[in-house]
Amino acid sequence: MASDRDVFQAPKGTRDVLPPDSSRWMEVIGAFAGRAELYGFGLVMTPIFEHYEVFARLGQSTDVVSKEMYDFVDKAGRRLALRPEGTAGTVRAYAQHRPTPPWKVWYCAPNFRYEAPQEGRYRQHWQLGAEAIGSDDPQIDIEMIDFLDGFYRSLGLRQVKLLINSMGDAETRQRYVAVLLDYWLSNAATLGDEMPRAQLNPLRILDSKRPDWQVIIAAAPKLGDYLSDASAAQFDAVQAGLRSVDVAFEVAPRLVRGFDYYTATVFEFQGLALGGAQNALGGGGRYDKLSAEMGGPQAPAIGFGSGIERLLLACDAEAVLPQSTSSTDVFVIDAIGEPDVAKLLHEIRGGDVRADRSYGSKNLKKQWAAASRSGARFGVMYGEREWAEGNVVVKDLSTAQQIEVARLQVVQWLRDHLK
RNA sequence: GUGGCUGUAGCUCAGUCCGGUAGAGCAUCGCGUUGUGGUCGCGAGGGCCGCGGGUUCAAGUCCCGUCAGUCACCCCA
């Protein structure tokens with residue numbers, strides 16, 4: 001930008017959402033809210049920042065905690081952090097308020113992560129999410145996944161693939177991680193100087209995209225082979241349930257997800273129409289130990305997050321959820337500078353009809369041009385001749401046909417013809 | 001955090017290789033219409049060529065730095 005030498009820019013990795021694009025955001029959020037209600041979830045709103053330690057419980061080996069947190073010290077010396085994801089704060093709220101389980105809640109909130117931005121990856125990004133806390137019933141796993149799957153479909157998305165896996169219970173996972181670490185150590189030559197990372201979190205190597213690692217990753221021991229009978233039964237139940245509600249899925253033995261708190265079921269929806277590496281539309285899983293780790297009650301739980309920016313990119317890529325072309329139905333044109341125009345607008349809007357006008361003294365030509373640009377279906381002109389006769393001119397802006405309607409009947413006329 | 005590519009009007013971009021005082025389309029505004037838009041015709045405004053430094057008689061163009069975007073790694077939504 002040539003002229004922005006004195007103009008502030010949004011900070012790196014953040015974006016403004018302006019009309020008309022913002023109307024798509026409202027559509028997406030509204031669709032999610034409606035679906036959440038269908039599935040029995042209530043809205044939860046938690047602070048945008050928490051005590052640092054709340055998020056630290058996500059695990060020191062996760063990048064989100066170890067290097068991406070926006071943390072700061074407030075004026076009283078408290079160490080706080082901007083929310084990097086939705087689950088921790090929600091679980092904190094559960095532990096604090098002890099609502100009757102199962103606690104089924106949804107949210108729409110911005111998250112903050114200090115990382116290198118690129119398309120579909122921002123330092124402030126919005127997530128729609130849901131959590132169900134206080135039940136280990138696999139039925140709730142199924143319901144969660146069905147909820148999110150149905151949400152994507154309701155927007156018209158079709159090129160979406162669901163991957164699921166089971167992390168097993170704590171003992172399963174511990175046993176498997178030990179085996180996996182041995183395997184990485186035996187392949188130290190390939191992993192090279194990334195070995196410390198493999199030792200810190202052996203699971204994370206499994207979903208690496210590095211081409212030179214793919215051979216050893218493909219040959220790595222599979223978590224599924226180490227599941228306990230109980231874990232395997234739980235995972236089977238989830239799969240059977242998904243089939244019964246016609247949710248298509250693929251078992252992905254190397255799907256591990258980014259946070260350390262996951263246990264048992266994990267899942268991820270990938271947008272196949274999204275180019276590049278940022279193809280995760282949404283994902284989640286069980287976190288049966290997190291509430292207890294926060295000092296709350298033992299409360300097995302499952303949740304997911306779904307990024308709004310990526311969702312809209314996927315909609316663009318699949319050419320669904322088109323931007324609405326009009327934000328108004330009626331445009332009122334004032335030909336005579338009559339103060340009653342404001343009253344007419346007030347009445348039209350009072351009749352639940354979207355209406356707008358021009359401001360400042362503009363000639364008729366400009367006002368009609370503005371009416372056309374607004375995308376309104378009808379123009380209502382307040383003209384001198386008709387005004388004297390107690391009428392207004394109503395023009396259909398798509399056909400250019402116009403008629404006169406009695407001033408006192410025009411609100412009802414518009415209501416009738418906009419149906 | 002590491003490496004590649006990109007940055008010119010409100011938007012999308014040409015011009016950069018080979019240095020010589022800035023272009024197009026769309027959008028905006030005006031006129032053709034005195035009470036009628038969307039089409040059409042004519043016209044206008046709008047750029048320290050991201051920012052800073054260097055080379056040169058001369059830099060949008062070459063060199064260095066920096067900021068931002070983007071791609072890959074990392075990681076995730």
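Atoms considered below: every heavy atom in the structure, side chains included; atoms not considered: hydrogens, waters and symmetry mates. A note on names: the letters A, B, ... follow the listed sequences, proteins ahead of strands, and every chain is numbered from 1.
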Asker: Among the candidates B:rA77, B:rG1, B:rC74, find the nucleotide nearest to the side-chain atoms of A:Phe259.
Answerer: B:rA77
Asker: Roughly how many Å apart are B:rU55 and B:rG65, using the C1' atom of each and rounding to a whole number?
Answerer: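 Looking at atom C1' only, B:rG65 and B:rU55 are 15 Å apart.
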Asker: Please state the P separation for the pair B:rA9 and B:rC13 - nearest whole angstrom.
Answerer: 11 Å
Asker: Whole-Å distance between B:rC76 P and A:Phe112 CZ?
Answerer: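 About 19 Å, once rounded to whole Å.
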Asker: In this structure, which one of A:Leu311, A:Val160, A:Leu157 forms a side-chain contact (heavy atoms from CB on, under 4.5 Å) with A:Phe269?
Answerer: A:Val160
Asker: Would you say A:Ser208 places a side-chain N or O within less than 4.0 Å of OP1 or OP2 belonging to B:rC73?
Answerer: no
Asker: Tell me whether the side-chain N or O atoms of A:Lys365 pair up with the base of B:rU36 as donor and acceptor below 3.5 Å, since no angle test is needed here.
Answerer: no
Asker: Indicate whether OP1 or OP2 belonging to B:rC76 is found under 4.0 Å from a side-chain N or O atom of A:Arg123.
Answerer: no
Asker: With a 4.0 Å cut-off on heavy atoms, is A:Gly120 in touch with a base, just the backbone sugar-phosphate, or nothing at all?
Answerer: base
Asker: Sticking with atom P, work out how far B:rC57 lies from B:rG19, rounded to a whole angstrom.
Answerer: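 B:rC57 and B:rG19 have their P atoms separated by 15 Å.
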Asker: With nearest nucleotides of RNA chain B determined for A:Gly13 and A:Arg257 from heavy-atom distances, which residue corresponds to the more 5′ nucleotide?
Answerer: A:Gly13
Asker: Write down the distance separating the C1' atoms in B:rG7 and B:rG47, rounded off to the nearest Å.
Answerer: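 Result for the C1' pair: 14 Å, nearest Å.
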Asker: Examine the base of B:rA77 for any acceptor or donor lying under 3.5 Å from a partner atom in the side chain of A:Glu115, and report the outcome as yes or no.
Answerer: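 Under the 3.5 Å cut-off, the side chain and the base do form a donor-acceptor pair.
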Asker: Round to the nearest Å and state the distance from A:Leu206 atom CG to B:rC74 atom P.
Answerer: 13 Å
Asker: Could you state the CG-C1' distance from A:Leu311 to B:rC76, rounded to the nearest angstrom?
Answerer: 16 Å
Asker: Can you say whether a donor on the side chain of A:Arg204 sits under 3.5 Å from an acceptor on the base of B:rC76, or the other way round?
Answerer: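 By the distance-only test, no, there is no pair.
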Asker: For residues 316-340 of chain A, which residue pairs pass the ring pair (Phe, Tyr, Trp, His ring centres under 6.0 Å) check, not counting sequence neighbours?
Answerer: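 Passing the test, one end in residues 316-340 of chain A: no pairs.
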Asker: Using the P atom in both, what is the distance from B:rG54 to B:rA14, to the nearest Å?
Answerer: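 The answer is 30 Å between these two P atoms.
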Asker: Just checking, any donor-acceptor pair under 3.5 angstrom between side chains of A:Thr265 and A:Asp141?
Answerer: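 There is such a pair (donor and acceptor under 3.5 Å, judged by atom type) between the side chains of A:Thr265 and A:Asp141.
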Asker: Is a donor-acceptor pair below 3.5 Å formed from side chain A:Lys395 to base B:rG37, judging by atom type as modelled?
Answerer: yes
Asker: So does A:Gln367 reach the base of B:rU36 with its side chain, donor to acceptor, closer than 3.5 Å?
Answerer: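 Not at all, since no donor on one side and acceptor on the other fall under 3.5 Å apart.
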Asker: Take the protein atom CZ of A:Arg373 and the nucleotide atom P of B:rG38, then report the distance between them rounded to whole Å.
Answerer: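 Between P of B:rG38 and CZ of A:Arg373: 9 Å.
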Asker: Give a yes/no answer on whether the side chain of A:Gln118 brings an N or O atom under 4.0 Å of OP1 or OP2 in B:rU70.
Answerer: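 A:Gln118 to B:rU70 OP1/OP2: no side-chain N or O under 4.0 Å.
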Asker: Go through B:rG37, B:rC74, B:rG35 for me and flag the one nearest to the A:Lys209 side chain.
Answerer: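 Among the listed nucleotides, the one closest to the side chain of A:Lys209 is B:rC74.
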Asker: May I have the distance from A:Asp207 (atom CG) to B:rA77 (atom P), rounded to whole angstrom?
Answerer: 11 Å
Asker: So does A:Lys12 get a side-chain nitrogen or oxygen closer than 4.0 Å to the phosphate oxygens (OP1/OP2) of B:rA68?
Answerer: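 Affirmative; the distance criterion is met.
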Asker: Is the base of B:rG35 touched by the side chain of A:Glu386 through a donor-acceptor pair closer than 3.5 angstrom?
Answerer: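 Pair found.
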Asker: May I ask you to evaluate whether A:Arg310 reaches the phosphate of B:rC76, defined as a side-chain N or O under 4.0 Å from OP1 or OP2?
Answerer: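 Checking B:rC76 against A:Arg310, no side-chain N or O comes under 4.0 Å of OP1 or OP2.
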Asker: The side chain of A:Ser372 lies closest to which of these nucleotides: B:rU28, B:rG1, B:rG38?
Answerer: B:rG38
Asker: If you take atom types as modelled and just measure distance, does the side chain of A:Arg121 reach the base of B:rC71 with a donor-acceptor pair under 3.5 Å?
Answerer: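 There is none.
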Asker: How far does the C1' atom of B:rG15 sit from the matching atom of B:rU61, given to the nearest Å?
Answerer: 9 Å
Asker: Considering only the P atoms, how many Å lie between B:rG45 and B:rA24, rounded to the nearest integer?
Answerer: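 Their P atoms lie roughly 12 Å apart.
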